[in-house]
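Below, chain A is the first sequence line, B the second, and so on; all start at residue 1. The structure displayed is predicted, hence computed values, not measured ones.
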Number of protein chains: 2
Amino acid sequence: MLNEKIKLFKALSDPNRLRILKMLQYKPLCVCEVTSLLNLATSTVSKHLHILKEAGFIIEKKDGKWVYYFINNNPDDKRVTRILMELDFWISDNQQIVSDLRKIEDLDKQLACTP
Amino acid sequence: MLNEKIKLFKALSDPNRLRILKMLQYKPLCVCEVTSLLNLATSTVSKHLHILKEAGFIIEKKDGKWVYYFINNNPDDKRVTRILMELDFWISDNQQIVSDLRKIEDLDKQLACTP
DNA sequence: ACTATATTTCGTTAAATAACGAAATGAGAT
DNA sequence: ATCTCATTTCGTTATTTAACGAAATATAGT
């Protein structure tokens with residue numbers, strides 16, 4: 001069904017989700033880290049991650065209290081793999097993305113994930 | 001701006017627009033031909049074509065009473081070109097698409113575009 | 001100028017989406 | 001078992017989107 005196929009494109013049709021994908025391509029992050037980087041409510045970020053997971057772009061791994069999200073590099077679904085490969089090309093040189101990646105380097109998990 | 005970039009993905013996030021793109025990859029069509037193939041209101045189809053045009057996927061050429069739409073094969077925007085190249089791969093073997101293409105072969109413009 | 005036909009624009013409605021805060025859940029630590 | 005904290009789910013609100021029909025626009029032929 002075409003409605004199933006467009007789930008991939010819908011998942012890519014939101015700027016915050018593109019930012020998340022690019023962040024996770026840089027390195028795996030837990031929900032609170034992503035939340036801190038995007039400056040959105042935790043529930044909103046959780047929803048975005050769910051959508052990306054349903055589309056097959058990312059996978060989750062629990063680690064203690066935290067849920068870490070990883071780019072799905074399993075080549076089972078070749079459509080996902082190819083899109084992830086093209087991602088860099090489609091949104092290269094974006095100011096927001098570049099700034100996000102810089103912030104990840106300075107990110108202090110301790111600081112980001114404690115109340 | 002990321003909002004500009006996601007226009008491409010939003011344009012792909014609708015089953016009828018994917019059907020249109022695949023049809024136009026087979027051959028250029030006028031609005032009433034597309035309308036007849038999709039079984040939607042003319043105004044709806046016109047809107048979809050406008051969105052695809054704004055995203056850069058297709059171009060329009062007027063020919064008498066009719067407005068024909070073509071796949072944009074001009075490689076100015078490499079993002080558009082690459083996505084169009086990948087399209088086949090992403091939505092290959094779809095029942096709806098296959099059926100659409102079969103219908104195009106039998107399509108009688110005279111019949112489709114007269115009241 | 002008038003008519004016929006193709007397309008676009010406009011106004012409306014129903015459904016989908018993104019955001020938030022509050023409440024519920026789950027999993028370690030005490 | 002209880003407490004704490006990270007995450008998800010729920011309910012709500014504002015915005016966006018897809019669809020339609022009717023009215024407006026454009027172009028060809030009479």
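C:dG28 atom P lies 11 Å from atom NZ of A:K65, rounded to whole Å. Rounded to an integer number of Å, the gap from CD of B:E60 to C1' of D:dA26 is 12 Å. Atom CG of B:L49 and atom C1' of C:dT8 are 11 Å apart (whole Å). Per the geometry, NE2 belonging to A:H50 stands 9 Å off P belonging to D:dT8, to the nearest Å. Atoms NZ (B:K62) and P (C:dT7) sit 10 Å apart, rounded to a whole Å. Per the geometry, CG belonging to A:N3 stands 15 Å off C1' belonging to C:dT17, to the nearest Å. Across the protein-nucleic acid pair, B:W66 atom CH2 and D:dA28 atom P stand 10 Å apart, rounded to whole Å. Between the P atom of C:dT17 and the NZ atom of A:K7 lies a distance of 11 Å, rounded to the nearest Å.
Between A:K47 and A:T114, the one whose closest nucleotide on DNA chain D sits nearer the 5' end is A:T114.
A salt bridge is absent between B:E33 and B:K109; no separation between the charged side-chain nitrogens and carboxylate oxygens falls under 4.0 Å.
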Subject >> side-chain contact (heavy atoms from CB on, under 4.5 Å) between A:L40 and A:T35, intermediate numbers included >> reply: CA-CA 6 Å; A:L40 291 173; A:T35 302; 5.6 Å; no

Subject >> Pair A:S13-B:S13, side-chain hydrogen bond (donor to acceptor under 3.5 Å, both in side chains): steps then yes or no >> reply: CA-CA 8 Å; A:S13 295; B:S13 295; 3.0 Å; yes

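Here CD of B:Q96 is found 8.5 Å from CG of B:L38. Values are rounded to the nearest 0.5 Å.
Interface residues of residues 30-45 of chain A facing DNA chain D, ordered by number: A:C30, A:V31, A:C32, A:T42, A:S43; criterion, heavy-atom separation under 4.0 Å. Taken residue by residue, residues 10-22 of chain A places no heavy atom nearer than 4.0 Å to DNA chain D.
No donor-acceptor pair under 3.5 Å is formed between the side chain of A:E54 and the backbone N or O of A:L49. For the pair B:D63 (side chain) and B:W66 (backbone), a donor-acceptor distance under 3.5 Å is absent. Within the 3.5 Å criterion, the main-chain N or O of B:F89 finds no donor-acceptor partner in the side chain of A:R82.
Residue B:S46 places its side chain closer to C:dT8 than to any other of C:dG26, C:dT8, D:dA6. Of the candidate nucleotides C:dT8, D:dT8, D:dT27, C:dT8 has the atom nearest to the side chain of B:Y69.
Annotation for B:D93: atom CG does not count as buried by contact number, only 12 or fewer foreign heavy atoms lying within 6.0 Å.
The sulfur atoms (SG) of A:C113 and A:C30 lie 2.5 Å or more from each other.
Between A:H48 and C:dA19 there is a side-chain polar atom (N or O) within less than 4.0 angstrom of OP1 or OP2.
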